[in-house]
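In what follows, a single structure is set out as structure tokens and then discussed.
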Amino acid sequence: MSNNLTKLTYQTLQQGKNYFGLAHKTLSAQLKDIVYPTLRQTKPIPREVITKLQDRFNQLLEIDWLEAEKEVYPASLLFDNPWEDFFRYYPLVWLDLPQIWERVQQKKYQDFSSGIETEGYPSYYVQNFHHQSDGYLSDLSANLYDLQVEILFGGTADPMRRRILSPLKDRLKVFDSVSPRQIRILDVACGTGRTLKLIRAILPQASLFGVDLSPAYLRKANELLSQISGELPQLLQANAEELPYVDNYFHAVTSVFLFHELPATVRQTVIEQCFRVTKPGGVFIICDSIQMSDSPEMAVLMDNFSDTFHEPYYKHYSTDNLVERLEKVGFENIEVQVHFMSKYFIAHKPF
């Protein structure tokens with residue numbers, strides 16, 4: 001009975017987040033149409049696609065619950081919501097919208113506030129991804145990011161992130177002879193630290209590392225992760241094209257929601273770097289957007305995402321063959337999974 005009540009509570013919470021995200025998007029779209037009626041409209045979503053999307057949503061919640069029930073990760077993660085950040089930053093999400101719409105209207109895709117340092121970053125990174133103010137280079141952007149992503153995905157960002165935990169935990173069994181404290185895991189493009197926080201919950205003794213290009217997002221990650229008891233993950237500002245680690249150093253490498261924001265050639269370079277720093281026998285896990293090859297019925301949503309948000313590399317990503325890219329550098333036994341709107345590549349480096 002207790003489990004049933006907990007499951008019902010979890011499902012109710014997630015449905016509430018979904019309805020909230022839908023309400024926010026509906027209201028903001030209506031306001032945008034009043035203030036900026038000339039902005040391009042998205043393609044209408046057919047009813048059958050909405051039905052399939054709801055089915056995928058329900059399947060995601062079911063597997064999320066089942067894996068918590070099987071103790072793949074603590075059930076407390078299901079209810080880990082940054083409510084303080086929500087109440088603090090949600091008003092700022094609304095206040096930021098007029099700037100976003102103005103940026104879209106004027107087609108300003110590399111618009112940064114005075115005082116934001118853009119020199120030294122790769123040109124593909126100096127973008128207003130999602131049209132958000134200051135791209136990934138301000139503290140405001142870092143503070144709003146997780147909330148914006150939660151709204152975008154109707155509260156499923158963490159459930160999608162959690163899908164890396166089971167394969168990560170399972171693939172690390174090949175290193176059972178290694179002391180838990182000597183297991184090293186790297187999260188590439190760690191952003192605000194949400195993925196590292198989830199990994200810490202299943203591997204409390206492992207040495208965790210994170211790299212990101214944004215100092216603002218690293219500050220946010222440090223703020224989040226310092227609240228967790230135990231050893232603080234080691235965070236570095238670094239470009240994933242040149243990971244600052246020796247060869248064969250990590251037992252596992254993860255990357256969540258990075259690859260669709262990389263040009264094709266950079267995708268390959270980052271995969272090469274992840275292969276280089278992964279130990280023989282180790283695993284590299286990518287979580288990113290679905291693609292046309294696995295979800296052609298969701299093509300209208302992928303087209304809308306590319307059109308609505310400034311994602312200059314997404315269209316190419318949506319048809320890119322990442323399995324081929326992974327195999328090219330030497331990864332083997334690549335397993336592919338799809339959960340809701342995300343796709344997962346679980347790649348193994350041979351011994």
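Residue numbers start at 1 and run along the sequence shown.
Taking the ring centroids of W94 and H24, they lie under the 6.0 Å cut-off. Separation of the Y344 and H339 ring centroids falls under the 6.0 Å cut-off. Remark: aromatic rings of F259 and Y317 are distant, center separation not under 6.0 Å. For Y314 and F305, the gap between ring centers is short of 6.0 Å. Under the 6.0 Å cut-off for aromatic ring centres, Y90 and F20 qualify, their centroids lying closer than that.
Although no hydrogens or angles enter the test, the distance criterion places no donor-acceptor pair under 3.5 Å between the side chain of D247 and the main chain of V277. A donor-acceptor pair under 3.5 Å is absent between the side-chain atoms of E311 and the main chain of Y313, judged by distance alone. Remark: side-chain polar atoms of T269 are paired, donor with acceptor, to backbone N or O of T265 under 3.5 angstrom. Checking side-chain atoms of R219 against main-chain N and O of S214 turns up no donor-acceptor pair under 3.5 Å. Under the 3.5 Å distance criterion, the side-chain polar atoms of T156 are matched with a main-chain donor or acceptor of F153. Put simply, the side chain of N239 never gets that close to the backbone of E242: no donor and acceptor are under 3.5 Å apart. In this structure, the side chain of K349 does not engage the main chain of G281 through any donor-acceptor pair within 3.5 Å. At distances below 3.5 Å, not a single donor-acceptor pair connects side-chain atoms of S342 with backbone N or O atoms of V338. Under a 3.5 Å cut-off, the side chain of Q110 and the backbone N or O of Q127 do not form any donor-acceptor pair. Using modelled atom types, no side-chain atom of D187 and backbone atom of G193 make a donor-acceptor pair closer than 3.5 Å.
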Checking side chain to side chain donor-acceptor pair (under 3.5 Å) for the pair S318/Q291: CA distance, chi angles, key distance, verdict?
CA-CA 4 Å; S318 68; Q291 295 181 297; over 6 Å; no
Is there a salt bridge (charged side-chain N to carboxylate O under 4.0 Å, His left out) between R161 and D158? Walk through the geometry before answering.
CA-CA 5 Å; R161 288 188 186 103; D158 274 352; 2.6 Å; yes
Taking it one step at a time, do Q54 and N58 satisfy side chain to side chain donor-acceptor pair (under 3.5 Å)?
CA-CA 6 Å; Q54 185 63 49; N58 292 335; 3.1 Å; yes
Check the pair I334 / I346 against side chain to side chain contact (heavy atoms under 4.5 Å, CB included), numbers first and verdict last.
CA-CA 5 Å; I334 300 163; I346 302 152; over 6 Å; no
With salt bridge (charged side-chain N to carboxylate O under 4.0 Å, His left out) as the criterion, how do E62 and K7 come out once you've worked through the C-alpha distance, each side chain's angles and the decisive distance to 0.1 Å?
CA-CA 9 Å; E62 184 64 21; K7 182 178 183 180; 3.3 Å; yes
Side chain to side chain donor-acceptor pair (under 3.5 Å) between H310 and N128: does it pass, once the steps are laid out?
CA-CA 7 Å; H310 178 55; N128 297 108; over 6 Å; no
Would M298 and M302 count as a side chain to side chain contact (heavy atoms under 4.5 Å, CB included) here? Give the steps.
CA-CA 6 Å; M298 298 293 167; M302 286 183 263; 4.2 Å; yes
How far apart are the C-alpha atoms of T254 and V188, what are their side-chain angles, what is the distance that settles it, and do they pass the side chain to side chain contact (heavy atoms under 4.5 Å, CB included) test?
CA-CA 6 Å; T254 61; V188 177; over 6 Å; no
F129/F309 under ring-ring contact (aromatic ring centres under 6.0 Å, His included): CA gap, chis, key distance, verdict
CA-CA 7 Å; F129 289 106; F309 299 93; over 10 Å; no
Audit row: Y124, E261, side chain to side chain donor-acceptor pair (under 3.5 Å) steps and yes/no:
CA-CA 8 Å; Y124 64 81; E261 293 188 341; over 6 Å; no
Is there a side chain to side chain contact (heavy atoms under 4.5 Å, CB included) between F57 and F340 once you walk through the steps?
CA-CA 6 Å; F57 175 82; F340 191 46; 3.8 Å; yes
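Under the 3.5 Å distance criterion, with hydrogens and angles disregarded, no donor-acceptor pair is assigned to the side chains of Y145 and Q132. Side-chain atoms of Q148 and E150 form no donor-acceptor pair, as typed in the model, at a separation below 3.5 Å. Between Q14 and N18, the side chains place no donor N or O within less than 3.5 Å of an acceptor N or O (distance only, hydrogens not considered). For the residue pair R56/S295, the side-chain donor-acceptor check at 3.5 Å is satisfied. No side-chain N or O of S141 forms a donor-acceptor pair with one of D134 less than 3.5 Å apart. Between the side chains of H316 and R267, at least one donor-acceptor pair of N or O atoms lies under 3.5 Å.
Inter-residue side-chain proximity for Y136 and D212 is flagged as unmet; no heavy-atom pair is nearer than 4.5 Å. In this structure, L186 and Y249 have side chains that are not in contact, with every pair of non-hydrogen atoms separated by 4.5 Å or more. Two residues are said to be in side-chain contact when any heavy atoms from C-beta on lie closer than 4.5 Å; E67 and Y73 meet this criterion. At least one side-chain heavy atom of V323 sits less than 4.5 Å from a side-chain heavy atom of V336. A 4.5 Å side-chain heavy-atom check between S255 and F345 finds every atom pair outside the cut-off. Inter-residue side-chain proximity for E231 and R181 is flagged as met; some heavy-atom pair is nearer than 4.5 Å. Looking only at side-chain heavy atoms (C-beta outward), Q15 and T12 stay at 4.5 Å or farther from each other. Counting heavy atoms from C-beta outward, Y109 and R103 have side chains that stay 4.5 Å or more apart.
One distance of note links CD1 of I164 with CZ of R171; it measures 12.5 Å at 0.5 Å rounding. Atom CG of N3 and atom CD of E69 lie 5.0 Å apart (nearest 0.5 Å). Distance check: L262 CG to D320 CG gives 10.5 Å after rounding to the nearest 0.5 Å. Rounding to the nearest 0.5 angstrom, the gap separating the CG atom in N222 from the CG atom in L232 is 5.5 Å.
Applying ring pair (Phe, Tyr, Trp, His ring centres under 6.0 Å) to F250 and the options F175, F284, Y245 leaves one that passes, Y245.
Between K220 and D139, none of the side-chain N atoms (NZ, or NE/NH1/NH2) sits under 4.0 Å from a carboxylate O, so this pair counts as no salt bridge.
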